[in-house]
Amino acid sequence: MKNNFWFDESPDRRGSGSYKWDSAEDQDVIPLWVADMDFRTAPVVEEALLRRVKHGIFGYTLVGDDYYSALCDWFLHQHGYQIRKEQVIYTSGVVPAISAIIQALSRPGEGVIVQMPVYNCFFSSIKNNGCRIEDAPLRRIDLEDGRFTYEMDFKALEIAASKDDVHLMLLCNPHNPAGRAWSEDELKKVAEICGRHNVTVVSDEIHCELTMPGCKYVAYGTIDSSAIVCVSPSKAFNTAGLQIANIVCPNNEIRKKVDKSININEVCDVNPFGPVALIASYSNQGKEWLDSLRIYLNENYRLLVAMFRSELPQCPVTKLEATYLPWIDISALKLNSTEVEEEILKEAKVWVNSGDMYGVDGYIRINIACPRKRLEEGLHRVITWLKRHLDK
Ligand SMILES: Cc1ncc(COP(=O)(O)O)c(C=O)c1O
């Protein structure tokens with residue numbers, strides 16, 4: 001398919017108040033860490049936001065019917081996931097949503113299931129609410145082509161879910177950083193185990209639009225109507241700073257509790273740009289841009305695989321089914337991954353994320369959502385550094 005958009009070009013983000021770019025003091029650093037992209041958002045989103053800016057008044061926001069229609073139509077037509085307006089609570093982000101949900105549905109001291117390695121804010125949301133991290137770790141599978149992937153360890157999940165003080169599971173679907181877009185069978189098994197043990201599943205589906213060719217996202221809400229699903233267009237359309245997300249919760253009682261918690265946490269109001277961006281994203285033109293983006297990201301991923309395979313086969317790469325965040329095994333270096341992150345930043349001037357952050361040492365996570373030339377230069381620096389330390 002022809003790529004109609006200019007992902008090879010990117011505005012200079014330094015000095016734009018970018019967390020990803022402006023956190024590094026050294027101007028030569030290539031940031032391949034925080035999960036946002038170095039691409040402009042879809043033109044349809046940019047144009048809608050410009051129109052809204054031109055209005056010139058930015059008072060408190062009423063989220064209207066057009067918002068719910070865009071959201072519900074998108075999920076029904078793109079993902080076969082039927083959402084009804086009454087089931088939706090909008091909020092300012094998936095992380096605030098998860099934190100409020102934990103607060104609403106568990107008591108301090110209780111365990112909340114996660115599957116490590118997993119998105120680091122799961123840990124902080126659990127701990128900040130006085131709860132305990134109950135890990136049901138993913139199982140690594142080495143593939144014949146030299147890459148690796150993960151599967152769920154259902155025995156570990158069963159053990160975790162059967163504990164008396166465990167009532168909640170945080171599922172990451174698709175999974176950051178394991179790169180998995182969970183299959184229907186896997187998700188059915190999660191629903192079966194959690195259902196049997198009265199564990200409510202909270203599914204973080206923020207990466208759901210970012211599947212690689214041939215990989216399918218299955219909305220957990222199509223399998224388990226007692227679940228709470230969190231979605232946002234922010235990862236796919238690069239609008240994380242606009243702070244808009246949705247909690248989908250068909251169960252009335254649970255939704256009332258979550259709604260109360262969202263209010264107590266004061267994350268029930270959104271800024272005027274979030275809904276505008278969401279409506280424009282979840283449109284035909286948004287879809288056209290997104291399809292092109294996914295092709296570009298897949299080519300970036302293939303570049304990464306090719307470079308590691310030819311230059312550093314001692315460091316295998318994950319099979320990436322979704323997200324733009326490949327996960328690399330650097331255990332051959334026998335160094336702590338936080339130290340590796342710090343040293344790569346200092347010496348190779350590339351900012352990656354350490355595996356430690358996600359609960360597992362011996363890995364790094366690389367954000368490939370940037371123009372290909374920059375990625376190539378960043379990967380070249382990382383691989384050169386890793387090779388040098390492999391030989392030590
Ligand atoms: C799995 C996952 N959930 C949530 C977030 C952040 O969500 P938000 O910015 O809406 O709080 C991220 C960001 O990287 C993520 O990877």
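For ligands, and for the atoms within them, numbers begin at 1 and follow the listed sequence.
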Query - Numbering as shown, the atoms of ligand 1 that approach Ile206 to under 4.0 Å (heavy-atom distance) - result: 1 (C), 2 (C), 3 (N), 4 (C), 5 (C), 6 (C), 7 (O), 10 (O), 15 (C)
Query raised in the report: Which residue, Phe237, Phe39, Tyr296, Trp6, forms the ring pair (Phe, Tyr, Trp, His ring centres under 6.0 Å) with Trp289?
Result: Phe237
**Report entry** Heteroatom distance test (Asn176, ligand 1): nitrogen or oxygen, under 3.5 angstrom
**Finding:** yes
Query raised in the report: With no hydrogens and no angle check, is any side-chain donor or acceptor of Asp22 less than 3.5 Å from a backbone partner on Gly15?
Result: yes
Requested in this report: Could you check Asn246 against Tyr68 for side chain to side chain donor-acceptor pair (under 3.5 Å), going step by step and ending with a plain yes or no?
Outcome: CA-CA 10 Å; Asn246 294 290; Tyr68 293 101; over 6 Å; no
**Report entry** Heavy atom of the protein closest to atom 11 (O) of ligand 1 (residue, atom name, distance)
**Finding:** Val95 N, 3.0 Å
Query raised in the report: Hey, is CG on Asp26 packed in by over 12 heavy atoms from elsewhere, all under 6.0 Å?
Result: yes
Query raised in the report: Measuring from the heavy atoms of His175, does anything fall under 4.0 Å of ligand 1?
Result: no
Query - Which residue and heavy atom of the protein sit nearest atom 3 (N) of ligand 1, plus the separation - result: Asp204 OD2, 2.5 Å
Query raised in the report: Just which atoms of ligand 1 are under 4.0 Å from any heavy atom in Gly93?
Result: 10 (O), 11 (O)
**Report entry** Nearest protein heavy atom with distance in Å, relative to atom 8 (P) of ligand 1
**Finding:** Val94 N, 3.5 Å
Report summary line: Quick note on ligand 1: atoms under 4.0 Å from a heavy atom of Lys235 include exactly 12 (C), 13 (C), 14 (O)
Query raised in the report: Is Glu110 salt-bridged to Arg132, cutoff N-O under 4.0 Å?
Result: no
Report task. For the pair Glu47 and Arg51, find out whether any cationic side-chain nitrogen is under 4.0 Å from an anionic carboxylate oxygen. Result -> no
Query raised in the report: From atom 14 (O) of ligand 1, is the closest protein heavy-atom distance below 4.0 Å?
Result: yes
Query raised in the report: Would Arg140 count as a cation-pi partner of Phe148, with NZ or CZ less than 6.0 Å from the six-membered ring centre and within 45° of the ring normal?
Result: yes
Report task. Validate the cation-pi geometry between Arg365 and Tyr358: distance from NZ or CZ to the six-membered ring centre under 6.0 Å, angle to the ring axis within 45°. Result -> no
Query raised in the report: Would you call Ser232 a ligand 1 contact, heavy-atom distance under 4.0 Å?
Result: no
**Report entry** Close approach of Ser92 to ligand 1, heavy atoms, under 4.0 angstrom
**Finding:** no
Query raised in the report: Is Asp145 salt-bridged to Arg147, going by a charged N under 4.0 Å from an acidic O?
Result: yes
Requested in this report: Go through ligand 1 atom by atom and flag the ones less than 4.0 Å from a non-hydrogen atom of Cys172.
Outcome: 1 (C)
Report task. Distance to 0.1 Å, residue and atom name: give those for the protein heavy atom nearest to atom 6 (C) of ligand 1. Result -> Tyr119 OH, 3.3 Å
Report summary line: Counting from 1 in the order shown, the ligand 1 atoms closer than 4.0 Å to a non-hydrogen atom of Pro96 are 11 (O)
Report summary line: Within 4.0 Å of some non-hydrogen atom of Ala35, the atoms of ligand 1 are 14 (O)
Query raised in the report: With a cut-off of 6.0 Å (strictly less than), are more than 12 heavy atoms of other residues, nucleotides or ligands near CD of Glu253?
Result: no
